[in-house]
Amino acid sequence: SAFDVSMGAALWPRPETMQFYQDKIALRDLFTRIGVPAPKSWVVQSLQDLEMLMQRGELKDADFPLVLKHPYAASSRGMMSCATSQEVRSVVGQWLQEHQVP
């Protein structure tokens with residue numbers, strides 16, 4: 001096979017790393033696990049998730065401005081900056097309708 005290392009050819013980047021450049025949640029979890037500093041992050045799949053983060057104080061006014069980013073989008077697709085909690089509520093509602101998160 002063309003990708004058989006024993007024949008002198010290797011696929012680069014390695015296939016097992018593909019998950020990390022296609023899935024930002026998996027990359028964040030890897031960084032946390034191995035101690036790589038990364039920005040504070042939250043995962044929301046509904047407006048209820050967002051409200052719970054705010055009610056529990058995990059997402060607070062001091063965390064703004066923040067950037068919403070689709071976990072599986074490439075480059076800057078699916079990104080939006082939000083300056084306030086009111087703006088993030090509005091954008092998340094719209095964003096969740098437009099971008100289906102698996």
Side-chain angles (χ1 to χ4, degrees):
S1 147
F3 302 114
D4 185 356
V5 175
S6 68
M7 300 295 292
L11 184 60
W12 188 260
R14 295 185 325 259
E16 61 270 19
T17 66
M18 183 181 300
Q19 172 187 16
F20 299 116
Y21 56 82
Q22 292 184 336
D23 181 345
K24 293 167 194 70
I25 296 169
L27 183 62
R28 181 200 63 180
D29 292 346
L30 173 66
F31 285 172
T32 299
R33 199 169 55 247
I34 64 174
V36 173
K40 190 186 297 186
S41 299
W42 305 270
V43 177
V44 297
Q45 295 182 352
S46 67
L47 286 171
Q48 291 81 10
D49 289 350
L50 177 63
E51 291 300 327
M52 288 302 296
L53 285 172
M54 292 180 181
Q55 288 174 8
R56 290 191 307 250
E58 294 176 42
L59 176 59
K60 37 192 172 296
D61 289 339
D63 296 315
F64 292 89
L66 57 77
V67 175
L68 299 177
K69 190 164 188 174
H70 191 293
Y72 305 101
S75 189
S76 61
R77 289 187 207 117
M79 289 181 63
M80 179 67 78
S81 177
C82 296
T84 66
S85 59
Q86 192 67 2
E87 186 177 6
V88 81
R89 283 181 182 97
S90 173
V91 171
V92 165
Q94 178 183 357
W95 185 81
L96 289 171
Q97 288 179 355
E98 294 174 2
H99 302 280
Q100 295 301 311
V101 178

Does some side-chain heavy atom of R89 sit less than 4.5 Å from a side-chain heavy atom of V92?
no
Within a reach of under 6.0 Å around CE of M54, are more than 12 heavy atoms found that belong to other residues, nucleotides or ligands?
yes
Please check this pair: side chain of E87 against backbone of A83, looking for a donor-acceptor N/O pair closer than 3.5 Å.
yes
Under a single-linkage definition using a 4.5 Å side-chain heavy-atom cutoff for Ile, Leu, Val, Met, Phe, Trp and Tyr, are L66 and L47 assigned to the same hydrophobic cluster?
yes
Nearest-0.5 Å distance that lies between atom CG in L50 and atom CD in E58
11.5 Å
Close side-chain approach of V43 and R28, heavy atoms under 4.5 Å
yes
Any side-chain heavy-atom pair from K40 and D63 closer than 4.5 angstrom?
yes
Check: W42 and D49 side chains under 4.5 Å, non-hydrogen atoms:
no
Please tell me if the side chains of M80 and V67 come closer than 4.5 Å, counting only heavy atoms from C-beta onward.
no
How close do F64 and S85 get, counting heavy atoms only, and between which atoms?
CZ-CA, 3.5 Å
Backbone N or O of V44 within a donor-acceptor pair of the S46 side chain at under 3.5 Å?
no
Partner residues of T17 under the side chain to side chain contact (heavy atoms under 4.5 Å, CB included) criterion, sequence neighbours left out
P13, R14, Y21
Quick check for you: to the nearest 0.5 Å, what is the distance between D29 atom CG and D23 atom CG?
8.0 Å
Between Q86 and T84, do the side chains contain a donor N or O and an acceptor N or O under 3.5 Å apart?
no
Could you grab the distance from atom SG of C82 to atom CG of L68, nearest 0.5 Å is fine?
4.0 Å
I need the L59 CG to E51 CD distance, nearest 0.5 Å.
9.5 Å
ILVMFWY cluster, M52 and V88 together (side-chain gap under 4.5 Å):
no
